[in-house]
Amino acid sequence: MKKMTLNKLLRSQGFGPRRVCEQMIVDGRVSVSGEVVTDYGASLEPESLLIEVDGQPWVCREYIYVVLNKPADYECSRKPSHHPGVLSLLPSLFSARNTQPVGRLDHDTTGMLLLSDDGTFIHRQSSPKHHVPKTYEATTHEPVTPELIAILLSGVKLKDEPKPLAALSCRQLDSHRVEVVLEQGKYHQVKRMLAATGHHCDALVRTAIGKLRLEHLDLQQGNWCFLNDAQLSLLAPSAVSE
Ligand code: URA
């Protein structure tokens, strides 16, 4: 991040339009590294700078990369219709910065959901060209059988898809649970692939994206965390904007 004025920095972090930020600074509501700064033209090195607004700490970042452990009954859409949106689980500053879910999970699917305001990152993560594998654990109504695993691995023809879609890998976890790794992210893909084999999906959890696993993040459902560089590099090589 380039050097910038305090006013511009607050705007870039999502604290509001220029005049609102100027007024917050002049009113003495903003401190930088523990000192109140009332000069909105003060020039600063923003990356990782600790500021406080009304006593609330905020570490400045050029882009936001977070992972949410999505609970059921939240929608990934920016204009949710039947359930609250996932953005309601995150600080309002994130929405002000145009942070968006990277791809979508169904309202009843739980688990790992990435969110970011870095357009390049969102594109790389969601683009089929970049092949970021996603791992799901599906609970099936009917018992898991060796045939189910074999069919998911060999490919299933879904309506409106020109070619059969196959899992990258697939293994039985217990009598009614199967782990499926997919390279594509087609609409309702896991549920539709299971349905095509006569299995109804009772519950679906996304447990990993690339090599980043939910179990290593220690996140309760509904909680989120920022991703550090090491975690970001597990998603895919050079995932983030330089
Ligand atoms: N596949 C599905 O069927 N639903 C999801 O939410 C994700 C993958």
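Every number for a ligand or one of its atoms is a count from 1 in the order of the listing.
- Partners of D229 according to the side-chain contact (heavy atoms from CB on, under 4.5 Å) rule, which considers only residues two or more places apart in sequence or in another chain, are L232.
- Side chains of R19 and N7: no donor on one and acceptor on the other come within 3.5 Å.
- The pair R18-E22 meets the salt-bridge criterion, with a side-chain N (NZ, NE, NH1 or NH2) lying under 4.0 Å from an Asp/Glu carboxylate O.
- Taking the charged nitrogens against the carboxylate oxygens, D160 and K186 have no contact shorter than 4.0 Å, which rules out a salt bridge.
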Quick one: side chains of residues 31-45, donor-acceptor pairs under 3.5 Å with protein atoms, not counting sequence neighbours, listed by atom name and distance.
unit_1	atom_1	unit_2	atom_2	d
D39	OD1	G41	N	2.8

Result block: side-chain N/O donor-acceptor pairs under 3.5 angstrom for residues 52-61, not counting sequence neighbours:
unit_1	atom_1	unit_2	atom_2	d
D54	OD1	R29	NE	2.8
D54	OD2	R29	NE	3.4
D54	OD2	R29	NH2	2.8
W58	NE1	Q13	OE1	2.9
R61	NH1	V59	O	3.3

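- Closer than 4.0 angstrom to ligand 1 by heavy atom are L105, D106, T109, Y136, H188, Q189, V190, K191, L204, sorted by chain and number.
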